[in-house]
Amino acid sequence: QVQLVESGGGLVQTGGSLSLSCAASGRTFSDLTMAWFRQAPGKDREFVATISRGGGRTYYGDSVKGRFIISRDNAKNTVYLQMSSLKPEDTAVYFCAANLGFQLYTEKWQYAYWGQGTQVTVSS
């Protein structure tokens, strides 16, 4: 069983930056493809970014491309999401997710393990 714990959420002004972390345990971290999703009130959970097991491949959702960066440190069992040029529409609960596959999936049903989420609020 994989446990995921997000941290780093908070309140930031429009145009600001924020960095999220997700610590994993219960499985060899380099066996896991990792991703970030987000869910705003009343909306479906949306794909944000994903990163391959070794960190060499990444893929982003269109709404965050060019503003967010996903990275990982396999020695620290942690995946990160660096968010910049934040907009009010980025306000959501951000979830970390993991999968044992090789592919970079973008659908929430393709991820077996989830964290509890961390709130990000961008004020206008």
Let's go through T106 and Y59 carefully: what are the C-alpha distance in whole Å and the side-chain angles of both, what is the deciding distance for side chain to side chain contact (heavy atoms under 4.5 Å, CB included) to 0.1 Å, and is it a yes or a no? CA-CA 9 Å; T106 62; Y59 186 76; 3.8 Å; yes
From E89 CD over to S124 OG, what is the distance, rounded to the nearest 0.5 angstrom? 10.0 Å
When you group the ILVMFWY residues by side-chain heavy-atom contacts below 4.5 Å and let the links chain together, are I69 and V64 in the same group? yes
All pairs passing ring pair (Phe, Tyr, Trp, His ring centres under 6.0 Å) where residues 92-124 contributes a residue, at least two apart: F37-Y111, F37-W114
Using side chain to side chain contact (heavy atoms under 4.5 Å, CB included) as the criterion, list what pairs up with S63, not counting sequence neighbours. R38, E46
Donor-acceptor contact below 3.5 Å, side chain E6 vs main chain G117: yes
With K65 via side chain to side chain contact (heavy atoms under 4.5 Å, CB included) - residues at least two apart: Y60, D62
Report the distance from atom CD of E107 to atom CZ of R45, rounding to the nearest 0.5 Å. 13.0 Å
If you take all heavy atoms of L4 and A24, which pair is closest and at what distance? CD2-CB, 3.6 Å
For a 4.5 angstrom cut-off between non-hydrogen side-chain atoms, does V79 reach F29? yes
Looking at residues at least two apart in the chain, or sitting in another chain, which of them share a side-chain hydrogen bond (donor to acceptor under 3.5 Å, both in side chains) with R53? none
Could you walk me through whether S123 and L11 pass side chain to side chain contact (heavy atoms under 4.5 Å, CB included), step by step? CA-CA 7 Å; S123 63; L11 175 65; 4.2 Å; yes
Evaluate the side-chain proximity of T14 to P88: yes if any heavy-atom separation is below 4.5 Å, no if none is. yes
Taking C-beta and beyond as the side chain, do I51 and R57 meet within less than 4.5 Å on heavy atoms? no
Taking the side chain as everything from C-beta on, heavy atoms only, tell me whether R27 gets closer than 4.5 Å to L32. yes
Output the distance between atom CG (L18) and atom CD (Q82), rounded to the nearest 0.5 Å. 8.0 Å
Treating T91 as the side-chain partner and T121 as the backbone partner, does any N or O pair qualify as donor plus acceptor under 3.5 Å? no
What pairs with S7 under side chain to side chain contact (heavy atoms under 4.5 Å, CB included), at least two apart in sequence or on another chain? S21
So, R72 side chain and S52 main chain: donor-acceptor pair closer than 3.5 Å or not? yes
Hey, quick one: are L81 and V2 part of the same hydrophobic cluster, counting side-chain heavy atoms closer than 4.5 Å, chains of contacts allowed? yes
Would you please name every residue forming a side-chain hydrogen bond (donor to acceptor under 3.5 Å, both in side chains) with D73, sequence neighbours left out? none
Near Q103 CD, under 6.0 Å, is it more than 12 heavy atoms from other residues, nucleotides or ligands? no
Using modelled atom types only, decide if a donor and an acceptor are shared between the side chain of T50 and the backbone of M34 within a distance under 3.5 Å. yes
Taking the side chain as every heavy atom from C-beta outward, state whether T33 and L100 have any pair of such atoms under 4.5 Å apart. no
Would you kindly confirm whether M83 and V122 end up in one hydrophobic cluster when ILVMFWY residues are joined by side chain heavy atoms under 4.5 Å apart? yes
Quick check on the hydrophobic clustering: are L104 and I70 connected, directly or via other members, by side-chain heavy-atom contacts under 4.5 Å? no
For V48 and F68, run side chain to side chain contact (heavy atoms under 4.5 Å, CB included): C-alpha distance rounded to whole Å, both residues' side-chain angles, the deciding distance at 0.1 Å, then the answer. CA-CA 9 Å; V48 174; F68 290 11; 3.8 Å; yes
Please answer whether the main-chain N or O of R67 pairs with a side-chain N or O of S84 as donor and acceptor at a distance below 3.5 Å. yes
